[in-house]
Protein chains: 2
Amino acid sequence: MAMGLSRADWTEAALDALAQDGLGAVAIDPLARRLGATKGSFYWHFANRDELIAAVLERWEQRDTIELVAEIDKIEDPRERLVGLARIALGQAARGADAQAGVLAAASDPRVAPALARVTTTRLAVLERLYRDVGVEPEAAERHARLTYAIYVGMSDLHRAVPQAALRSAADLEADIELMVDMLVPAASGA
Amino acid sequence: MAMGLSRADWTEAALDALAQDGLGAVAIDPLARRLGATKGSFYWHFANRDELIAAVLERWEQRDTIELVAEIDKIEDPRERLVGLARIALGQAARGADAQAGVLAAASDPRVAPALARVTTTRLAVLERLYRDVGVEPEAAERHARLTYAIYVGMSDLHRAVPQAALRSAADLEADIELMVDMLVPAASGA
DNA sequence: ACCTGAACACCGTTCAAGT
DNA sequence: ACCTGAACACCGTTCAAGT
């Protein structure tokens, strides 16, 4: 069953594994079992595990940064754009569909570091632009971007760290988004 | 060389490995080589790898939560206590001495989840108390605590994600601490 | 009491062989 | 073109044997 696996199939399964159980779970043998194939099949599509890791990071960068930013930029109103970003990003984090934590844990891994630095820099630049669009002074926008991004990453981690606690419900997710939006919008309307 | 290894020696080395390269690096063979011992030696001190993981998480909880809170509580002035906490926590994160990211990446691992939930809950409770001590209303204190903690975790991750960028210098660390303190103190003096 | 060294199971990797 | 299956190196684990 599941004949004719593509490189994309392996990569997608690996991205799931990364989000759920970290880089160590991006492992050929378990993925092969999960996909109903042999390890030998994997080596038709990839030279080795490193190439799979590279592909999975590229896919992550594409989906959770490039495509996400394109989505956000469809929103006309600058203020709504910030709120929309908060909603998408935190929603994704709460669903556990975010590979961010998995990538961060492997931050010092030389295969991971370049992609992580690139993604982080891009995201900070995007946020900075969104803040400028909403009327924040250039220097303040840079600090706002850093603080906002820290809050996003931190909130993601909180949801992962205390999944059984109050944070979990949809109402609480709404509350967290509002906290973040409160954080964003007054700051934006202020300076 | 390095004869007579203790359980604590193995645990300390494992905590280093966890902070630097994640849970996967808490591995017997590499640690044995690093400590100049054989794998057989490890199994005198521990039943198995899981027991080492439990020990390392316990040590992390002790050092980066229990002892840290005790340290903070020595500070008399409530406002200074918040600033002091920010300074210690971010300083540690910037030195890469923080196992937080490594633990978070393995958040879904059943060996890790209980310790992580316990630590997170404790830290949020401590922060909430610090905010109440500084005069914040109870309900606001809980939200302030969550937001502040998210900022701390997020800032830690930023430092890990973009180590080569501007964030790295001591001056920038100071700036980040001030950002966080600005975040804390006006909020505290406010409500 | 504390450690070594050899043994075996698991996952990364290779490769000859199949369809 | 795409995959299997057997082979071998690495790390977790066991255990008899050493000091």
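Between A:E139 and A:R143 there is no salt bridge, since no side-chain nitrogen of the basic residue lies less than 4.0 Å from a carboxylate oxygen of the acidic one. Salt bridge B:D109/B:R111: present, at least one basic N to carboxylate O contact under 4.0 Å. Under the 4.0 Å criterion applied to side-chain N and carboxylate O atoms, B:E128 and B:R132 are assigned as salt-bridge partners.
Judged by atom type and distance alone, B:K39 does not reach the base of C:dG5 through any side-chain donor-acceptor pair under 3.5 Å.
Using a 4.5 Å heavy-atom cutoff, the side chains of B:V153 and B:Y149 are in contact. Proximity of B:L85 to B:L68: side-chain heavy atoms (C-beta onward) are separated by under 4.5 Å at one or more points. Side-chain contact between A:R129 and A:D73: present, with at least one pair of heavy atoms (C-beta onward) separated by less than 4.5 Å. Put simply, the side chain of B:M155 reaches to within 4.5 Å of the side chain of A:L147, judged on heavy atoms.
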Pair pattern of DNA chain C in dot-bracket, where unpaired bases get dots and | marks partners in another strand, Watson-Crick or G-U under 3.5 angstrom = ||.|||||...|||||.||
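One atom, CG of B:L31, and another, P of D:dG12, lie 8 Å apart when rounded to the nearest Å. As rounded to whole Å, 17 Å separates atom C1' of D:dC11 from atom CZ of B:R34. Rounded to an integer number of Å, the gap from CG of B:L35 to P of C:dC3 is 11 Å.
With B:L116 as the partner, the side-chain contact (heavy atoms from CB on, under 4.5 Å) test is satisfied by one option alone out of B:L104, B:L57, B:T121: B:L104.
Comparing A:G40 and A:R33 against DNA chain C, the residue whose closest nucleotide sits nearer the 5' end is A:R33.
Without hydrogens or angle criteria, B:T65 side chain to B:V119 main chain gives no donor-acceptor distance under 3.5 Å.
Sorted by residue number, the members of residues 42-55 of chain A with any non-hydrogen atom under 4.0 Å from DNA chain D read A:W44, A:H45. Taken residue by residue, residues 7-15 of chain A places no heavy atom nearer than 4.0 Å to DNA chain C.
Of all nucleotides listed (C:dT13, D:dG12, C:dC11), C:dC11 comes nearest to the side chain of A:D29.
Annotation: A:E67, atom CD; neighbour count of heavy atoms from other residues, nucleotides and ligands within 6.0 Å is above 12. Heavy-atom contacts from other residues, nucleotides or ligands closer than 6.0 Å to CD of B:Q62 number more than 12.
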